[in-house]
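Proteins get letters first, then strands, A, B, ... in listed order; numbering begins at 1 in each. This is a predicted model, so every value here is computed, not measured.
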Amino acid sequence: MSQENLPKGYDPAAIEQQWRDHWEQNKTFTPEMPAKSASYSIVIPPPNVTGNLHIGHALNLTLQDILCRHARQQGKTVLWVPGYDHAGIATQNVVERRLAADEGKSRDDLGREAFLERVWRWKEEYGGNITRQVKAMGCSVDWTRERFTMDEGLSRAVRKVFAGLYKQGLVYKGDYIVNWCTRCHTALADDEVDHVPQKTKLWSFNYPLEDGSGHITIATVRPETILGDVAIAVHPEDERYQHLVGKKAILPILRRPIPIIADNYVDREFGTGAVKITPAHDLNDWLIGEKHKLEVVQVIDDAGIMNAKAGPFAGLPKLEAREKVAAEFEKLGLLAKVEDYENSIGLCYRCKEIIEPHISTQWFVSMRPLADKAIAAVPSRTQLFPDTWLKTYYHWLDTVRDWCVSRQIWWGHRIPAWTCGNCGALLVEEEAPQQCDQCGCAELQQDQDVLDTWFSSALWPFSTLGWPEETQDLKTFYPTSVLVTGFDILFFWVARMMMLGLQFMDEVPFRHVYIHALVRDADGRKMSKSIGNVIDPLEMIGKYGTDALRFTLTAFAAMGRDIRLSEERIDGYRHFVNKIWNASRFALMNMPADGQLAPLDPGRVEGIHHQWILHRLEEVKADTLKSIGSYRFNDYAQGLYKFIWTELCDWYLELIKTDMQAGGEKQTAAQYVLWTVLRETLVLLHPVMPFVTAEVWAALPTPDGKPATDIALEPFPAARPACLKAEAAAQMSMVQEAIVAVRTIRAELNIAPALRLKAIIKPQDDAAACVLESQRPVIEALARLGELVIDVRAAAPRLAANQVASGNEIIVPLEGAVDFEAEKARLDKELVKLEKELAMLEGKLANPNYLEKAPPHLVERDRARVDELKDAALKLKQVRARFA
RNA sequence: GGGCAGUUAGCUCAGCUGGUAGAGCACCGCCUUCACACGGCGGGGGCCACAGGUUCAAGUCCUGUACUGCCCACCA
């Protein structure tokens with residue numbers, strides 16, 4: 001881009017693509033190794049390979065990118081590792097559905113090998129999708145280190161960890177009642193089950209007692225499981241039933257005698273206080289069954305169909321059986337009552353099928369020892385931001401149950417366990433064993449199951465850095481600096497990374513965890529395809545540009561609070577991008593024609609407007625460091641927004657227009673200061689708005705006249721203490737107030753903006769007069785004056801509009817057809833305002849306790865303000881009197 | 001049932017260690033002023049959910065109440 005032909009409106013599309021390509025081709029974000037400076041690293045939360053980028057990713061990626069680009073500016077050796085996740089069930093479902101739709105085949109028709117080949121093929125074809133979307137966001141990841149949870153290195157890490165845990169005694173195989181998805185045909189972890197409320201019925205049935213002495217009534221929402229009942233439980237201290245404990249009841253329909261047992265799990269208040277026990281189909285019943293050594297009778301198979309043990313109902317889907325069993329009870333006259341009832345039901349988080357508790361043999365990871373380590377490491381070694389999540393984190397780890405890690409699907413890391421076909425020995429090894437270590441035979445059969453997707457994700461912070469090899473990356477970048485993630489996967493992922501990182505690296509996986517909000521729609525609802533309120537980041541990028549999207553998300557990313565996003569907001573911040581663009585155009589138009597700036601020491605520049613903006617720049621630099629350093633992203637974005645729009649553009653650019661026209665030294669000084677401020681501001685803004693800043697940066701003259709550098713490699717601007725000039729800043733704001741006073745008078749009295757007014761400023765003292773005088777051309781230009789008198793002894797004309805600003809009296813003589821009534825009203829309004837504040841302050845100062853106990857400087861400040869207000873009020877009253 | 005947030009201008013939200021409130025959008029008026037109408041200038045608008053308490057002083061700290069949202073939990 002050359003500086004002559006910057007177009008008037010900013011057009012993101014072409015410019016962004018150019019920079020994406022530039023950064024990727026130049027490997028700009030591949031860190032130099034071995035690292036010559038402190039390291040800073042982040043691993044990307046790997047998006048699903050099947051996935052599309054949603055707005056939550058966009059937020060997540062933007063915040064990480066800000067941190068990485070900022071760390072680079074601070075001279076750190078930065079690595080941001082990109083990658084994606086194989087997403088076991090999700091991906092398998094996608095490919096299965098496609099297979100069914102295109103060829104009418106199931107995965108079983110193909111067989112394991114052929115099906116997996118299809119999944120890989122699918123992944124090659126569509127896996128790049130998510131990568132392209134990450135690239136669109138402008139993420140400064142190192143593409144040369146892109147990883148996939150199923151690639152060879154990571155797969156090896158998975159096997160090594162699994163075998164390692166086994167050898168440490170932390171992995172075991174056992175029968176357990178698990179959450180079973182009858183559609184995905186696999187076990188699910190507790191976390192993978194969504195609970196939703198449902199309206200159903202609560203049936204109460206009578207079970208006759210074996211000795212014919214009556215019946216006992218139980219309540220259930222699942223009559224079909226009655227066929228698997230093995231006991232009835234009551235509370236041990238429940239007088240109603242104590243005499244029945246030890247007796248037997250007859251399970252109707254199947255006419256099986258079942259014992260009545262006592263267990264304090266039973267809630268006496270609920271229903272009849274007697275509960276049927278079906279260990280095969282309910283978690284609690286399973287636990288009670290274990291305790292009381294009850295038989296397990298499974299009546300529903302792994303597809304959700306009643307099996308042979310269900311007697312007359314065999315072959316029916318469970319929901320049909322439910323109705324039929326209830327009807328049968330009614331026919332037998334054993335239905336006590338039916339009520340409407342609401343409870344919650346578990347759904348598969350992938351396919352939304354109802355979860356069926358199901359007994360099967362699964363692999364488990366013992367969580368207790370791992371969880372204890374993860375608890376101990378927080379917050380001393382890993383800090384959470386915001387720390388309101390601490391309790392949640394601890395609570396989950398305190399109550400965590402063993403992790404069921406086996407899944408009965410095909411796509412994923414196959415469990416590295418082998419059973420000997422000869423002696424039945426179980427071998428768990430990192431690499432496939434050649435022969436049984438017990439009997440030496442070679443008939444080894446590998447376990448059919450694969451591991452939970454989250455198992456490989458749990459290793460992500462070290463597996464992506466090359467573990468188990470002792471790579472330079474691992475040494476340099478582990479532990480990572482920060483993990484940026486949404487709270488929705490705090491348990492799924494963060495806690496498990498903590499556990500396995502500590503177990504295998506002896507070190508936490510990250511020093512900080514920044515937990516960001518959820519992005520919701522404008523009405524606070526979760527975005528979902530079914531509601532149709534999804535904001536697609538790619539569509540937004542196309543419409544408004546990536547910088548606008550990123551800035552919007554950042555500006556609303558207040559810690560610990562959800563973001564309500566609407567398209568109008570993104571559009572709003574697009575205006576800001578355009579504003580920056582146009583301010584930059586102005587700057588470029590005003591740079592010296594040859595691009596050679598006369599060097600200047602910013603600390604010694606004359607002119608309070610320059611001193612003021614340089615002073616503010618220093619403050620903004622410090623604020624930026626503080627905001628990003630403490631993860632206050634909204635402060636970071638909004639601080640820059642305010643500085644750029646209201647200070648740099650609305651004031652400073654206007655202030656220097658007279659300098660630019662004046663030529664000579666005034667012009668060269670203005671050029672240099674503008675150039676300095678704009679350049680440094682661009683660097684501050686770059687982490688959140690990489691594209692527009694890169695483009696403008698490249699167009700600006702360079703200090704040495706050489707071709708422009710890449711702003712992505714530019715260090716954070718060093719502090720310039722010599723530019724901190726609070727006094728100049730205060731003087732400047734006095735001048736601004738004088739200008740605003742004239743403008744207010746003009747607007748409120750409906751004086752045409754084009755009319756060159758006469759104004760008289762009566763400064764409060766000689767010092768003020770001197771400052772105002774030095775800014776005469778600026779005041780005349782910005783207040784649009786034809787004539788300006790600055791005089792401490794000035795006498796106001798009889799009829800004049802009047803305003804007091806910073807102790808200076810601003811007088812606009814009213815001539816011609818000016819609305820005197822409007823001026824009177826304006827003065828009254830002004831007076832009311834003054835007197836209100838005065839009353840408040842005087843009340844405060846009348847309080848002896850305040851005078852005695854408040855810090856003296858505050859009392860002083862209030863007294864000074866009272867004097868100022870009194871003075872202003874007096875002046876206004878005098879003017880007001882003339883109108884009366 | 002337990003836990004955690006939130007309740008500030010019409011809307012969406014800032015307000016960190018206490019000194020009687022800010023932004024963006026929306027709204028009203030004026031303006032095609034030579035970077036920008038994706039703009040400029042000016043303006044209106046809030047007893048900071050409610051009730052107590054601590055304090056010279058509370059949106060800001062403490063207690064309680066009421067709603068809203070989220071997370072966790074085995075009540076059949």
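In terms of position along RNA chain B, the nucleotide closest to A:Asn750 lies nearer the 5' end than the nucleotide closest to the other residue of the pair A:Asn750 and A:Thr744.
In this structure, A:Arg679 and A:Pro701 approach most closely via the heavy-atom pair NH1-O, 3.8 Å. What you find for A:Ile177 and A:Ala280 is that their closest heavy atoms are CD1-O, 3.6 Å.
The CG-P distance, from A:Asp263 to B:C75, rounds to 16 Å in whole Å. Summarising the geometry, the separation between CZ on A:Arg585 and P on B:A37 is reported as 9 Å, rounded to the nearest angstrom. As rounded to whole Å, 10 Å separates atom P of B:C36 from atom CZ of A:Phe586. Spacing between atom CG of A:Leu390 and atom P of B:A5 amounts to 11 Å, rounded to whole angstrom units. Taking atom CD1 of residue A:Ile751 and atom P of nucleotide B:C31, one finds them 14 Å apart after rounding to whole Å. Between the C1' atom of B:G39 and the NZ atom of A:Lys657 lies a distance of 11 Å, rounded to the nearest Å. Atoms CZ (A:Arg743) and C1' (B:G29) sit 16 Å apart, rounded to a whole Å. A:Glu339 has its CD atom 12 Å from the C1' atom of B:A76, to the nearest Å.
Proximity of A:Lys391 to the phosphate of B:C4: a side-chain N or O atom is located under 4.0 Å from OP1 or OP2. Side-chain nitrogen and oxygen atoms of A:Lys829 include none within less than 4.0 Å of the OP1 or OP2 phosphate oxygen of B:G42. Residue A:Arg564 has a polar side-chain atom (N or O) positioned under 4.0 Å from OP1 or OP2 of B:U12.
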Dot-bracket pairing map - RNA chain B, Watson-Crick plus G-U, both contacts under 3.5 Å, | cross-strand: (((((((..((((........)))).(((((.......))))).....(((((.......))))))))))))....

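Counting heavy atoms from C-beta outward, A:Leu390 and A:Asp387 have side chains that approach closer than 4.5 Å. The shortest distance between side-chain heavy atoms of A:Leu384 and A:Pro379 does not fall below 4.5 Å. Between A:Thr225 and A:Leu227 there is no side-chain heavy-atom pair separated by less than 4.5 Å.
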Nucleotide-resolved protein contact map, nucleotides 15-26 of chain B, B/S/- at heavy-atom distance under 4.0 Å: SB--BB---S--

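Between B:U65 and B:G2, the distance separating the two P atoms is 12 Å to the nearest Å. Rounded to whole Å, the P atom of B:G18 lies 49 Å from the corresponding atom of B:C31. Spacing between B:A23 and B:G40 at atom P, rounded to whole Å, works out to 15 Å. Comparing the C1' positions of B:A73 and B:C4 gives an interatomic distance of 15 Å, to the nearest angstrom. Across the C1' atoms, B:A51 and B:U7 are found 15 Å apart, a figure rounded to whole Å. With both ends at atom C1', the span from B:G52 to B:A66 equals 15 Å, rounded to whole Å. B:A26 and B:C50: their C1' atoms are spaced 29 Å apart (whole Å). A distance of about 28 Å separates the P atoms of B:G6 and B:C75, rounded to the whole Å.
The line from CH2 of A:Trp396 to CZ of A:Phe491 is 7.5 Å long, rounded to the nearest 0.5 Å. Considering CG of A:Asp571 and CD of A:Glu567, their distance stands at 7.5 Å, rounded to 0.5 Å. Here the NZ atom belonging to A:Lys276 is positioned 3.5 Å from the CG atom belonging to A:Asp229, to the nearest 0.5 angstrom.
Among the protein residues, A:Arg574 comes within range of the nucleic acid bases, having at least one heavy atom under 4.0 Å from a base atom. Using a 4.0 Å heavy-atom cutoff across all strands shown, A:Asp571 reaches no nucleic acid atom at all. Looking at heavy-atom distances under 4.0 Å, A:Ile218 makes no contact with the nucleic acid at all. Among the protein residues, A:Val740 comes within range of the sugar-phosphate backbone only, with heavy atoms under 4.0 Å from sugar or phosphate atoms but none that close to a base.
The nucleotide whose nearest atom lies closest to any side-chain atom of A:His395 is, among B:U12, B:C74, B:C72, B:C72. For A:Arg401, whose side chain is taken as the heavy atoms from C-beta onward, the closest listed nucleotide among B:G44, B:U12, B:C74 is B:C74. Nearest to the side chain of A:Lys579, among B:C36, B:C56, B:C71, sits B:C36. The listed nucleotides are B:C70, B:A35, B:C74; the one nearest the side chain of A:Asn284 is B:C74.
Just one residue in the list A:Tyr636, A:Tyr573, A:Phe556 forms a ring pair (Phe, Tyr, Trp, His ring centres under 6.0 Å) with A:Tyr641, and that residue is A:Tyr573.
Salt-bridge check for A:Lys318 with A:Glu356: passed, with a basic side-chain N closer than 4.0 Å to an acidic carboxylate O. The existence of a salt bridge linking A:Lys829 and A:Glu748 is confirmed by a sub-4.0 Å separation between a basic side-chain nitrogen and an acidic carboxylate oxygen.
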Working for side-chain hydrogen bond (donor to acceptor under 3.5 Å, both in side chains), residues A:Asp402 and A:Tyr176: CA-CA 11 Å; A:Asp402 285 352; A:Tyr176 196 69; over 6 Å; no

